[in-house]
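To start, the structure itself, in structure tokens.
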Amino acid sequence: MTFTKADTNKVKGIAVLLLIFHHMYRTQERIDFLQAKALFLSDERVSQLAHCVRICVPIFVFLTAYGLATIMKRDAEMKIRYIVTRLWKLLAPYWVTLVLIWGFYFIIPGISTQGTYGGNFIYPLLDFIPLLDILGLSNHMLMGIFWYMNFAIIEIVILPYIFLLEKKTGGLLVVATCLLYPLIPNYFTSPCGGMYNQYLLAIELGVLFAIYDGFEKIDEIIKRCSIILKATIAIGLLVVSIVAPYIAWFKVTTTVYVYKSFLHTVGALAMVLFIFLFVRWKWLCAVFSTIGKYSADVFLTHILVFTQLQPILSKIRVLELQYIIAACLCVIVGFLIGCIKKYTKYNDFVNWVARKIQGTHWRITEGN
């Protein structure tokens, strides 16, 4: 079975729900801010779990790498137009969402862009591109979550070159990265997202899976397994997806960040494989896939949603119920923004421009 667009949306849907949980309950201060208690877990355990589900970030990185590498694989000549198209399809929807967020800040009393932009027109311009995090001006981003848009630009630009190296070296590039990670220089560090190079392994694995049909091959192996073995593998993947980031956050004391990055990536890949191979109920897949369709807007707006609704959410003292309601509200906001883009024909415009870009014969060739 191939890894389809529906599978991508399904994984994105689950990943963005994990992201919401991460940002709501990662620290004791945030738990106190929302004033809820879990039924079966202490605040400390809730915070630890929220740390662990941050594997959602390398999941998004992996999916982006896999998707773009799959497109590149279809043509021996890796055309620059694919990169330009991907940048356009990344930024064009983001611009609408950002403008809507600006509008929200303008309309709602008590909040303002003044604190971050300080009246300087350069900062909103660089938030629009977006380059503030890359340029080391993260404190002037309107929302910390925008760091990922900065990172995504870097990922898309370097992906073609990683693709070429992966094709020439096979899995050796991944092995070399694991062994030499401490020696890899880091040029970008975000106070919000951490060191950019921590996601390099996720990018390389995404490209590797695309080039060598990793999902299809693993699925074929699983199909030949007995029911008991399948159940064992499913449980194992789920355990790894939780235990690996737990070890990274709470057991690895070394100052070498690479070990934590490796464990986070392993946890992320285990979660992706678990979802792909074993989350098969049609109704559940439909729910997650629908959330995944709007995951980009949920990603960009969820912090704003639950912080502004804190007075309402804090009245819900059961943490599990509070999270479900908050997640639903975040998804609804993402859905409404998606509807605005759809019914204003903005999505059609984005796709029309993308088709025009794809008709431009710029290319990066592999050489001899």
Side-chain angles (χ1 to χ4, degrees), residues 1-12 15 57-94 134 148-178 184 188 196-220 265 268-269 272-273 276 292-293 295-296 347 350-368:
M1 185 175 70
T2 58
F3 192 80
T4 63
K5 181 66 175 177
D7 290 309
T8 299
N9 284 334
K10 179 173 64 175
V11 177
K12 283 182 178 179
V57 178
I59 286 175
F60 282 118
V61 173
F62 174 91
L63 291 175
T64 299
Y66 178 84
L68 190 55
T70 299
I71 295 172
M72 292 177 177
K73 182 183 173 183
R74 297 171 189 162
D75 199 323
E77 297 173 329
M78 291 168 29
K79 301 174 178 61
I80 294 178
R81 64 171 179 256
Y82 290 143
I83 308 170
V84 178
T85 301
R86 184 64 187 179
L87 286 172
W88 166 252
K89 297 190 80 171
L90 170 78
L91 296 177
Y94 162 73
I134 293 174
Y148 188 82
M149 301 302 297
N150 290 249
F151 168 79
I153 292 173
I154 301 293
E155 180 182 8
I156 291 169
V157 170
I158 68 173
L159 238 160
Y161 305 99
I162 292 177
F163 182 90
L164 288 175
L165 288 171
E166 292 272 21
K167 286 194 72 175
K168 292 181 180 296
T169 64
L172 292 178
L173 181 62
V174 173
V175 174
T177 299
C178 292
I184 297 174
F188 305 104
Y196 280 21
N197 71 351
Q198 68 179 293
Y199 305 110
L200 180 60
L201 185 59
I203 296 174
E204 292 178 0
L205 285 172
V207 173
L208 191 70
F209 266 64
I211 293 174
Y212 297 104
D213 301 320
F215 286 110
E216 292 79 0
K217 290 176 180 176
I218 291 174
D219 184 58
E220 286 300 318
T265 305
L269 181 59
V272 171
L273 289 173
F276 170 66
K293 284 178 62 178
S295 60
N347 288 342
V350 172
N351 291 331
W352 177 79
V353 173
R355 288 194 295 271
K356 292 295 183 181
I357 295 172
Q358 287 174 344
T360 305
H361 294 282
W362 306 326
R363 65 189 61 189
I364 299 173
T365 58
E366 296 186 36
N368 298 322

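Everything numeric here is computed off the predicted structure, so don't read it as measured data.
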- [ ] Walk me through it: do Phe62 and Phe209 pass the test ring-ring contact (aromatic ring centres under 6.0 Å, His included)?
- [x] CA-CA 9 Å; Phe62 174 91; Phe209 266 64; 5.6 Å; yes
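Checked against side chain to side chain contact (heavy atoms under 4.5 Å, CB included), Trp88 has the following partners two or more places apart in sequence or in another chain: Ala92, Trp95, Phe349, Val350, Val353, Ala354, Ile357. A search for side-chain hydrogen bond (donor to acceptor under 3.5 Å, both in side chains) contacts involving Thr169 returns nothing, not counting sequence neighbours. For Glu216, there are no salt bridge (charged side-chain N to carboxylate O under 4.0 Å, His left out) partners at least two apart in sequence or on another chain. For the side chain to side chain contact (heavy atoms under 4.5 Å, CB included) test, residues two or more places apart in sequence or in another chain that qualify with Ala202 are Pro58, Val61, Thr265. Remark: Asp213 engages Lys73 in a side-chain hydrogen bond (donor to acceptor under 3.5 Å, both in side chains) (not counting sequence neighbours). With sequence neighbours excluded, the residues that form a ring pair (Phe, Tyr, Trp, His ring centres under 6.0 Å) with Phe3 are Tyr66, Phe215, Phe276. Remark: Tyr148 pairs with Phe151, Phe299 by the ring pair (Phe, Tyr, Trp, His ring centres under 6.0 Å) rule, at least two apart or across chains. Remark: Glu204 engages Thr177 in a side-chain hydrogen bond (donor to acceptor under 3.5 Å, both in side chains) (not counting sequence neighbours).
Residues Leu173 and Ile162 are in side-chain contact: their nearest non-hydrogen atoms beyond the backbone lie under 4.5 Å apart. With a 4.5 Å cut-off on side-chain heavy atoms, Tyr196 and Ile134 count as touching. Using a 4.5 Å heavy-atom cutoff, the side chains of Asn351 and Lys89 are in contact.
Here Thr85 contributes atom OG1 and Lys356 contributes atom NZ; the two are 13.0 Å apart, rounded to the nearest 0.5 Å. Remark: Leu172 CG to Leu208 CG distance equals 10.0 Å, nearest 0.5 Å. Rounding to the nearest 0.5 angstrom, the gap separating the CD1 atom in Ile153 from the CZ atom in Arg86 is 12.5 Å. Taken to the nearest 0.5 Å, the CG atom of Leu200 stands 6.5 Å off from the CD1 atom of Ile158. Distance CG/Leu205 to CD/Glu166: 8.0 Å, rounded to 0.5 Å. Atom CG of Leu159 is separated from atom CG of Leu68 by 5.0 Å, given to the nearest 0.5 angstrom.
In plain terms, the two heavy atoms of Ala65 and Glu155 that are nearest each other are N-OE2, 3.4 Å. Nearest heavy atoms, Tyr212 versus Gly170: OH-CA, 3.3 Å.
Counting only residues at least two apart or in different chains, salt bridge (Lys or Arg N to Asp or Glu O under 4.0 Å) contacts with residues 1-11 comprise Asp7-Lys10.
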